[in-house]
Amino acid sequence: MTTPLISPSILNCDIARLEDELRKISSADIAHVDVMDNHFVPNLTWGLPVVEACVNTGILPIDAHLMIEDPDRWAPAYAEAGCASVTFHAEAASAPIRTAREIRRLGARAALALKPSTDIAPYVDILPEVDMILIMTVEPGFGGQSFLESMLPKIQRTRDAIASASLDISIQVDGGVSRKTIERAADAGATNFVAGSAIFRADDAFEEIATLRSLAQLHMH
Ligand code: DX5
Ligand code: ZN
């Protein structure tokens, strides 16, 4: 049986207290850091220096989610900075295979993200080049939105495509993941769960992480 990975998104954390905020979630498996450029998505966060600062705390491995234009140009630097995984969007990449190979060559796991309206079908041939597929379960850009139930069949199709190619690839879900939705995502085939507001708005982040982990575990195949 696979074990779930819990990846708290620090999108809405207190950036002035970055180190304390990472400590607050240190019982998680990896920390999810959202990079937004105000072009690919209508919101702006931070870039390489802040992600590097997260890596350098050494508190948790870092999962960089790049919601940016031209990831072919920018993504490799996040691998070079020491991120454990670097996720770029299929819709923004012009050379996804080359970019994924470059990320892996630099020692990080490579992941391809799909917005809600992007299907997995055109990307099935790229699967052997990546370590993870991120199925967005909200429109990327903001935390605190509702989980899109309509993404469940896409998670299943992705799981089936991975299984029929006999590959070992994680499926990450990001957006609206909470106690209310994580079981359905796990049932559909997700193995890696990003949760922002569910964890940062909880009274006790450790307890929330433990609860999400055990709910997911019960529903994983
Ligand atoms: C949204 C980001 C998410 C976001 C999730 O575009 O990619 O990682 O922080 O936040 P919640 O869990 O609140 O939906
Ligand atoms: Zn994200």
Side-chain angles (χ1 to χ4, degrees), residues 4-15 18 21-22 24-25 28-47 50-51 54 60-69 71 74-75 78 83-93 108-118 130-152 154-155 170-186 190-203 205 208-209 211-213 215-216:
L5 251 76
I6 305 295
S7 184
S9 162
I10 64 160
L11 182 61
N12 291 311
C13 81
D14 180 353
I15 185 74
L18 190 55
E21 296 287 73
L22 284 167
K24 210 193 258 177
I25 54 160
D29 299 285
I30 189 162
H32 182 90
V33 182
D34 292 297
V35 176
M36 305 188 189
D37 67 352
N38 208 19
H39 291 276
F40 182 71
V41 286
N43 195 7
L44 181 68
T45 55
W46 41 62
V50 170
V51 175
C54 292
L60 277 173
I62 301 299
D63 171 30
H65 176 195
L66 307 181
M67 285 160 276
I68 60 171
E69 298 285 10
W74 303 110
Y78 289 84
C83 290
S85 68
V86 179
T87 303
F88 60 94
H89 270 266
E91 305 83 4
R109 282 160 54 86
L112 189 72
L114 306 175
K115 292 199 326 187
S117 59
T118 307
V130 299
D131 302 287
M132 183 168 83
I133 295 287
L134 164 52
I135 311 276
M136 288 304 301
T137 42
V138 298
E139 273 314 322
F142 301 92
Q145 306 180 71
S146 309
F147 183 87
L148 293 170
E149 297 281 336
S150 54
M151 293 300 109
L152 294 172
K154 182 157 83 178
I155 299 170
S170 333
I171 300 179
Q172 187 178 56
V173 283
D174 180 9
V177 174
S178 69
R179 292 178 187 219
K180 289 194 184 121
T181 57
I182 196 164
E183 295 163 291
R184 267 163 288 161
T191 55
N192 183 318
F193 305 86
V194 177
S197 41
I199 292 172
F200 275 94
R201 285 188 200 150
D203 293 332
E208 198 61 27
I209 289 165
T211 303
L212 292 174
R213 193 181 270 132
L215 287 172

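Since we're looking at a predicted model, the values are computed, not measured. Both ligands and their constituent atoms are indexed starting at 1 by order of listing.
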Report the nearest protein non-hydrogen atom to [atom]: residue, atom name, distance rounded to 0.1 Å.
atom	answer
atom 2 (C) of ligand 1	Asp34 OD1, 3.5 Å
atom 3 (C) of ligand 1	Asp174 OD1, 2.9 Å
atom 1 (C) of ligand 1	Phe142 O, 3.5 Å

Do any nitrogen or oxygen atoms of Val194 come within less than 3.5 Å of a nitrogen or oxygen of ligand 1?
->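 There is no such contact.
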Please confirm whether Gly144 comes within less than 3.5 Å of ligand 1 when only nitrogen or oxygen atoms on both sides are compared.
->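 It does: an N or O of Gly144 is found under 3.5 Å from an N or O of ligand 1.
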What is the name of the N/O/S atom in His65 that sits closest to the Zn ion (ligand 2)?
->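 The His65 atom nearest to the Zn ion (ligand 2), restricting to N, O or S, is ND1.
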Go through the steps to decide whether Val33 and Cys83 satisfy the test side chain to side chain contact (heavy atoms under 4.5 Å, CB included), and finish with yes or no.
-> CA-CA 10 Å; Val33 182; Cys83 290; over 6 Å; no
Compute both the distance and the angle, then confirm whether Lys115 meets the cation-pi test with Phe40: under 6.0 Å from the six-membered ring centre, within 45 degrees of the axis.
->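 Judged by the rule, Lys115 and Phe40 form a cation-pi pair.
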Heavy atom to [atom], shortest distance: which of [options] holds it?
atom	options	answer
atom 9 (O) of ligand 1	Ser9, Gly175, Gly196	Ser9
atom 6 (O) of ligand 1	Ser197, Gly141, Ser178, Ala195	Gly141
atom 14 (O) of ligand 1	Gly143, Gly176, Ala113, Pro140	Gly176

Any non-hydrogen atom of Ala198 lying under 4.0 Å from ligand 1?
->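 Outside the 4.0 Å threshold, so no.
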Ignoring hydrogens and angles, tell me if any N or O in the side chain of Thr137 forms a donor-acceptor pair with the backbone of Asp174 under 3.5 Å.
->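 Confirmed, Thr137 side chain pairs with Asp174 backbone.
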